[in-house]
Amino acid sequence: MAKEKKEKRRKSETENSVADISQISQDGEGADDKSSYEFKCKHISAISSPLASRKLAKKLFKLVKKAQKQKCLRRGVREVQKFVRKGERGIVVLAGDTMPIDVICHMPLVCEETDMPYCYVPSKEDLGGAGGSKRPTCMVMIKKHDDYVEAWDDCYSEVKLLPSPLFT
């Protein structure tokens, strides 16, 4: 009896995984990174500017992983907002597909007031995964550390060069 249930479960899992793979290929999100990035960019909100390029997003995700290992990463809206207002310095990375956008729409203004660089990446799932969490993350702040100072400086200068939106 138990053996039959296990076999049924295995069959249904393999059928579901085959269905997921076929759905991914129909959606345009394939094995290559280029199409998945473009697919994710289609689902971002209108205020997601400046958006990091594919190359910069990869650099930022690698930097987030390094910062997470050194415990120099602030995760989540409440934690990032608290430390930005207290004067802590770093790079703020926001997720462009956050819904409702009202959750994070005030943070670009706070970052500009404190002259802190920020940018958007297309996916909150990718941002949460890079930060060592199984849950999606709306925003992170990467603090400077001696172990990854070159990568941090590189990302800092690239994010600083991104065109900032004009707020009126």
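What's counted below: heavy atoms across the whole structure, side chains too, no hydrogens, waters or symmetry copies.
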Chemist: Between V84 and M141, is the side chain to side chain contact (heavy atoms under 4.5 Å, CB included) condition met? List the steps.
Modeler: CA-CA 9 Å; V84 167; M141 182 173 70; 3.9 Å; yes

Chemist: Would you compute the distance between atom NZ of K86 and atom OG1 of T114 and round it to the nearest 0.5 angstrom?
Modeler: 15.0 Å

Chemist: Measuring from atom CG of D154 to atom NZ of K59, what distance do you get when rounded to the nearest 0.5 angstrom?
Modeler: 4.0 Å

Chemist: Taking NZ in K65 as the centre, count heavy atoms belonging to other residues, nucleotides or ligands within less than 6.0 Å. Is the count above 12?
Modeler: no

Chemist: Considering non-hydrogen atoms only, spot the tightest contact between P163 and P50 and give its length.
Modeler: O-CB, 3.4 Å

Chemist: Would you say T137's side chain and M139's backbone share a donor-acceptor pair under 3.5 angstrom?
Modeler: no

Chemist: Find out whether L51 and P122 are in side-chain contact, i.e. whether some heavy atom of one side chain is under 4.5 Å from a heavy atom of the other.
Modeler: yes

Chemist: Would you indicate whether R135, at its atom CZ, is surrounded by more than 12 heavy atoms from other residues, nucleotides or ligands within a distance under 6.0 Å?
Modeler: no

Chemist: Under 4.0 Å between a Lys/Arg side-chain N and an Asp/Glu carboxylate O for E88 and R74?
Modeler: yes

Chemist: How long is the gap from CD on Q68 to CZ on R75, to the nearest 0.5 Å?
Modeler: 5.5 Å

Chemist: Side chain to side chain contact (heavy atoms under 4.5 Å, CB included) for M107 and L94? Distances and angles first, verdict last.
Modeler: CA-CA 9 Å; M107 282 307 295; L94 301 114; 4.0 Å; yes

Chemist: Do S45 and Y120 come close enough that some side-chain heavy atom pair is under 4.5 Å?
Modeler: no

Chemist: Taking ILVMFWY side chains as joined if any heavy atoms are under 4.5 angstrom apart, and letting links pass through other members, which residues group with I91?
Modeler: L56, L60, F61, L63, V64, L73, V93, V121, L127, V140, I142, Y148, W152, Y156, V159, L162

Chemist: Could you list the residues that satisfy side-chain hydrogen bond (donor to acceptor under 3.5 Å, both in side chains) with K160, not counting sequence neighbours?
Modeler: D115

Chemist: Do C105 and I47 pass the side chain to side chain contact (heavy atoms under 4.5 Å, CB included) test, and can you show the C-alpha distance, the side-chain angles, and the key distance before you say yes or no?
Modeler: CA-CA 8 Å; C105 66; I47 70 162; 3.8 Å; yes

Chemist: Flag the pair R85 / V110 as yes when at least one side-chain heavy-atom distance between them is below 4.5 Å, and no otherwise.
Modeler: yes

Chemist: Going from SG on C138 to NZ on K124, what distance comes out if it is rounded to the nearest 0.5 angstrom?
Modeler: 5.5 Å

Chemist: Look only at the side chain of S133 and the backbone of G129, and say whether a donor-acceptor pair between them is shorter than 3.5 Å.
Modeler: no

Chemist: Could you grab the distance from atom CG of D146 to atom SG of C72, nearest 0.5 Å is fine?
Modeler: 9.0 Å

Chemist: Do K55 and E158 meet the salt-bridge criterion of a basic N to acidic O distance under 4.0 Å?
Modeler: no

Chemist: Using the side-chain hydrogen bond (donor to acceptor under 3.5 Å, both in side chains) criterion, which residues pair with Q81? Sequence neighbours excluded.
Modeler: H106

Chemist: Go through it in stages, so that I can follow the logic: the residues are E125 and K40, the test is salt bridge (Lys or Arg N to Asp or Glu O under 4.0 Å), and I'd like the CA-CA distance, side-chain angles, deciding distance and then a yes or no.
Modeler: CA-CA 11 Å; E125 286 82 13; K40 290 173 185 173; over 6 Å; no

Chemist: Does a salt bridge link D147 with K69, judged by any charged N lying under 4.0 Å from a carboxylate O?
Modeler: no

